[in-house]
Amino acid sequence: MDLDALDTLAARMRSAAAIVVLTGAGISAESGVPTFRGQDGLWRRYSAAELATPEAFSRDPDLVWQWYRWRRSLIGRAIPNPGHLSLARLQERAARFDLVTQNVDGLHQRAGSAAVIELHGNIWRSRCARGCGFVLDETTPAAGSELPGEGGAAPACPCGALLRPDVVWFGEPLDEGRIDLAVRAARNCDVFLAIGTSALVYPAAGLPLIAAGAGALVAEINVDDTPLTPHAGLVLRGKAAEMIPAIEARL
Ligand code: BJW
Ligand code: ZN
């Protein structure tokens, strides 16, 4: 661990009026949820880029739903790790703290974080693929996780069309209200933490660059280099579940 970088970041966070955190799949890796890219991201022989598209759903909705059911079963068994829990505590201490996530797993909320900006939706919500307006919300644990539909088949909407996961696939626009909130927070923060994201997928990957352009300190927490690394003011190499509590301990 780079102790100097940790001390520098903690000092900047102590004096910050506003902090923004952007998380990606890496923060949930230590909860046992596979990331998207790299070997562990492959499901059967498919990559996320082949499955997380409207075209894949039109071509083979059962296959796409099998992937989502498999992920729901992993996420349903996962519990928030020390990284999620530490971020929830940091939110309580900071004057202004916005948590923006690309993850659809709901683990931040289960860790106690409030007002999480979910840029890519939530895997526990489904909606009509034809757009009749029907939404099946299973984001609260009490609602269970049983989807209508037998076995691996794609579940049906009451209107007769198929249901689809209420997530954002490649080529689909993000919810305008959510991305606006995230951009505004990035423009107005003093410290921006990018945690466990490959920083490849836009518009989320643009948020730390917006913050850096507006003068914020951008710190990257990741086990590997990413395209963000050269633009980050501080780079903390390590696992999110270890690095975030280490920062918290210095505040
Ligand atoms: C650890 C760790 C540990 C591991 N501790 N770290 C500009 C330039 C180029 C392309 C585009 C552009 N603007 C838009 C595009 C197109 C496209 C895009 O970005 N493509 C690029 C890939 C080239 N973007 C879109 O299509 C977006 N929509 C859009 O722009 O719409 C415009 C529009 C306007 C009007 C009308 C119509 C359209 C939508 C993007 C949606 C992304 N969706 C997914 C699936 C979500 C649902 C689901 O989960 O099933 O989102 S894809 C997948 O990638 C998922 C993730 O949220 C996202 C990001 O991945 P993430 O979180 O970074 O994970 P990984 O696996 O990539 O990385 C993990 C990282 O953790 C790694 O770095 C590890 O090292 C690290 N790590 N263990 C710390 N323990
Ligand atoms: Zn419908």
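Counting starts at 1 for both ligands and their atoms, following the listed order. In what follows, residues are counted from 1 in the order of the sequence shown.
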Requested in this report: Determine whether the side chain, the backbone, both or neither of T35 has a heavy atom under 4.0 Å from any heavy atom of ligand 1.
Outcome: both
Report summary line: Within the 4.0 Å heavy-atom cut-off, what V104 brings close to ligand 1 is side chain
Which residue and non-hydrogen atom of the protein lie closest to [atom], and at what distance in Å?
atom	result
atom 60 (O) of ligand 1	R37 NH1, 3.1 Å
atom 59 (C) of ligand 1	Q102 OE1, 3.3 Å
atom 3 (C) of ligand 1	G26 O, 3.3 Å
atom 19 (O) of ligand 1	Y202 N, 2.7 Å
atom 56 (C) of ligand 1	F36 CE1, 3.5 Å
atom 78 (N) of ligand 1	A29 CB, 3.8 Å
atom 20 (N) of ligand 1	F170 CE2, 4.1 Å
atom 22 (C) of ligand 1	L200 O, 3.8 Å

Determine, using heavy atoms of [X] and all atoms of ligand 1, whether some pair is separated by less than 4.0 Å.
X	value
G238	yes
M243	no
A48	no

Query - Check: R237 side chain, D224 main-chain N or O, donor-acceptor pair, under 3.5 Å - result: yes
Among [options], whose heavy atom sits nearest [atom]?
atom	options	result
atom 58 (C) of ligand 1	T226, I195, V168, V201	V201
atom 74 (C) of ligand 1	N222, T229, D224	N222
atom 65 (P) of ligand 1	S198, G83, G41	S198
atom 35 (C) of ligand 1	S47, P173, G206, A25	P173
atom 48 (C) of ligand 1	E176, E220, R71, H120	R71

Quick one: which ligand 1 atoms are inside 4.0 Å of a heavy atom on [X]?
X	value
E30	3 (C), 5 (N), 80 (N)
E172	27 (C), 28 (N), 29 (C), 31 (O), 38 (C), 39 (C)
V167	47 (C)
W169	39 (C), 41 (C)
G24	62 (O)

Query raised in the report: Would a search of protein heavy atoms around atom 29 (C) of ligand 1 find one under 4.0 Å away?
Result: yes
Query - atom 10 (C) of ligand 1 touched by protein heavy atom at under 4.0 Å - result: no
Query raised in the report: When W43 is tested against each of Q66, E50, R71 for side-chain contact (heavy atoms from CB on, under 4.5 Å), which residue passes?
Result: Q66
Report task. I would like to know whether N122 and T139 meet side-chain hydrogen bond (donor to acceptor under 3.5 Å, both in side chains); could you show each step before the answer? Result -> CA-CA 8 Å; N122 192 296; T139 49; 5.7 Å; no
Report task. May I ask you to test the S126-P155 pair for a side-chain heavy-atom distance under 4.5 Å? Result -> no
Query raised in the report: Heavy atoms, side chains only, cut-off 4.5 Å: are I195 and I244 in contact?
Result: yes
Query raised in the report: How far apart are the C-alpha atoms of E248 and R89, what are their side-chain angles, what is the distance that settles it, and do they pass the salt bridge (Lys or Arg N to Asp or Glu O under 4.0 Å) test?
Result: CA-CA 9 Å; E248 185 190 4; R89 289 190 297 269; 2.7 Å; yes
Requested in this report: Evaluate side-chain contact (heavy atoms from CB on, under 4.5 Å) for L22 paired with Q102, printing each intermediate quantity in order.
Outcome: CA-CA 8 Å; L22 171 69; Q102 299 170 82; 4.1 Å; yes
Query raised in the report: Given R164 and D166, is the salt bridge (Lys or Arg N to Asp or Glu O under 4.0 Å) satisfied, shown in steps?
Result: CA-CA 6 Å; R164 57 162 284 177; D166 190 12; over 6 Å; no
Does any N or O atom in [X] lie less than 3.5 angstrom from one in ligand 1, N or O only?
X	answer
Y68	yes
G171	yes
G196	yes

Query - Angle in degrees, rounded to 10°, that SG of C132 and SG of C157 form at the Zn ion (ligand 2) - result: 100°
Report task. Any chance you could lay out the side-chain contact (heavy atoms from CB on, under 4.5 Å) test for E220 and T226, step after step, and finish with the verdict? Result -> CA-CA 9 Å; E220 176 177 68; T226 75; 2.5 Å; yes
Requested in this report: Let me see the working for R250 and D7 under salt bridge (Lys or Arg N to Asp or Glu O under 4.0 Å), right down to the final yes or no.
Outcome: CA-CA 7 Å; R250 285 167 171 74; D7 287 338; 3.0 Å; yes
Query - Parallel, tilted or perpendicular, as decided by the 30° and 60° cut-offs, for the rings of H108 and H84 - result: perpendicular
Report task. On the 0 to 90° scale, with breaks at 30° and 60°, tag the W67-F36 ring pair as parallel, tilted or perpendicular. Result -> perpendicular
Query raised in the report: Are L181 and V183 joined in one hydrophobic group, where the rule is that I, L, V, M, F, W and Y side chains link up if heavy atoms are under 4.5 Å apart?
Result: yes
**Report entry** Worked verdict on L87 versus T23 for side-chain contact (heavy atoms from CB on, under 4.5 Å)
**Finding:** CA-CA 10 Å; L87 282 180; T23 61; 4.0 Å; yes
Requested in this report: Walk me through it: do R184 and D98 pass the test salt bridge (Lys or Arg N to Asp or Glu O under 4.0 Å)?
Outcome: CA-CA 10 Å; R184 207 166 318 143; D98 288 286; over 6 Å; no
**Report entry** Over 12 foreign heavy atoms within 6.0 Å of CD1, I79
**Finding:** no
Query raised in the report: Rounded to the nearest 0.5 Å, how far apart are CG of D190 and CE of M13?
Result: 11.0 Å
